[in-house]
Amino acid sequence: MTMQTFTIPIQSYLKRRQLFAQHMQTGIAIIPTAPERIRNRDAHYPYRFDSYFYYLSGFSEPEAVLVIVAKTDKVPEKHILFCRAKDKEREIWDGYRYGPEAAKEAFNFDETYPVTQLDEILPTLLADQPVIYTALGHDSSWDQRIIRWMNQVRDQIRTGVTAPEKITDCRVIMDEMRLIKSSEELQVMQQAANISVQAHQRAMQITKPDKYEYEIEAELLYTFNRLGARFPAYTSIVAGGANACVLHYVDNTAELKSGDLLLIDAGCELHGYASDITRTFPINGKFSAAQKDVYQLVLNAQAAAIAQVKPGNLWNEPHQAALQVLAQGFIDLGLCHGSLDGVLESEDYKRFYMHRTGHWLGMDVHDAGQYKQRGAWRALQPGMVLTVEPGCYIRADDNVAEHFWNIGIRIEDDVVVTASNHNILTAAAPKTIADIEELMQ
Ligand code: GLY
Ligand code: MN
Ligand code: MN
């Protein structure tokens, strides 16, 4: 790495496991990491661990399983890791692997075993446990494996052991833990945000008419990598002109045209944490009058939404604030007709704004955590991180004035709920009309 970045201390993963075990109260948790995935023939996708597994282990190798046994009056709490055995021959080909012995020390486990012993050891660990915590339904081959182990325990009940009676979703506990970020997590997320900010700045500076979308994508990926973030958190959207009105456009193959806008939705992943930024700017460096009108509207909607990000406000309040501003703006620009209440009621605004205003952000770009509790939007709490990303997408349409055609705009920032208000992790990415035009000069 060319840059020294803060990483979460190993001790913190141990604390997370202890907290998780407290929430379990009783039973055994089985949490495998993600499988390696083939792209084609012998070529793999770049490996990415499972977020839940990594959240509780800090261990990034594939073929690993975390087992946590909650404390009972008979046995102490136990944290167990199954991982790939040391293998000098494989390490020549694939590089270093910890192996159980070194992993035990390095990652604070009570016990570690080669993952090849999983089928042998797991049934003995399940004996006399009342409940299994696992992500049932996530991967059917794992579901079958767990049920097989349960049946092996059941086959022995005449020897006096009892088999688990219940399987519970371990993600419920972890979702709530992951939703509230620690100061260490926020530090990593700020670093990820800083790298993505630099990528967006560079993209603005390098964009010119007649370049291709993929040339700008290359600059984003170059900046991520150069600053130590080896992967984008999701496939970058680099969408010129009409392509910006395709919400999940990822072809990134078109030529950029003077007079069009360029929408870039791109963020890096750093140490397992995502950033997620969208900026929209004129390819030739100057907004047209119509582009200015729509851009300023979306920016105002974003400001109104961000102002609602504070502890105690409900999840939906930023979205509602953005909607009010956008719907009124659509009326003022002649895109929608009638009263504000009428447009909100009929949802006519959905012709131009059809998605929600944000999502939780963390290890996953659309991060863990419920948005509603018992049917009601949940209240924002310090440590929650969300995106605020209103937009406006106007396709060529006979019912719309032609100077608005193919204007697609989204402005997205990553926002932390703080004790008294909020903090914008991505605030340094230019977004006022004046700042963007100045940077692009
Ligand atoms: N980049 C994915 C999203 O904005 O939700
Ligand atoms: Mn987003
Ligand atoms: Mn995004």
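Sequential numbering from 1 along the given sequence is applied to the chain's residues. Both counts, for ligands and for their atoms, begin at 1 and track the order of listing.
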Inset, instruction - Tell me which N, O or S atom of H359 sits nearest to the Mn ion (ligand 2). - result: NE2
Inset, instruction - Report yes or no: is the cationic atom of R16 (NZ for Lys, CZ for Arg) closer than 6.0 Å to the six-membered ring centre of Y55, at no more than 45° off its axis? - result: yes
Inset, instruction - Would you mind telling me if ligand 1 is within reach of the side chain of D276, the backbone, both or neither, using heavy atoms under 4.0 Å? - result: side chain
Legend entry - E389, N/O/S atom nearest the Mn ion (ligand 2): OE2
Inset, instruction - Could you tell me how the ring of F107 sits relative to the ring of Y98: parallel (under 30°), tilted (30 to 60°) or perpendicular (over 60°)? - result: perpendicular
Legend entry - Metal proximity, H366 vs the Mn ion (ligand 2), N/O/S cut-off 2.8 Å: no
Inset, instruction - Show which atoms of ligand 1 fall inside a sub-4.0 Å distance from at least one heavy-atom site of E412. - result: 4 (O)
Inset, instruction - Verify, without hydrogens or angle tests, whether H44 (side chain) and R39 (backbone) share a donor-acceptor contact under 3.5 angstrom. - result: no
Inset, instruction - Would you confirm whether Y47, through its side chain, and A34, through its main-chain N or O, come within 3.5 Å as a donor-acceptor pair? - result: yes
Inset, instruction - For the pair Y371 and W360, name the ring-plane relationship: parallel under 30°, tilted 30 to 60°, perpendicular over 60°. - result: parallel
Legend entry - Metal-centred angle, OE2 of E412 through the Mn ion (ligand 2) to OD2 of D276, rounded to 10 degrees: 80°
Inset, instruction - Heavy-atom contacts with H359 under 4.0 Å: which atoms of ligand 1 show up? List them by number with element. - result: 3 (C), 4 (O), 5 (O)
Legend entry - Enumerated ligand 1 atoms positioned under 4.0 Å from heavy atoms of H366: 2 (C), 3 (C), 5 (O)
Legend entry - Cationic tip of R351 above Y393 ring, under 6.0 Å, 45° of axis: no
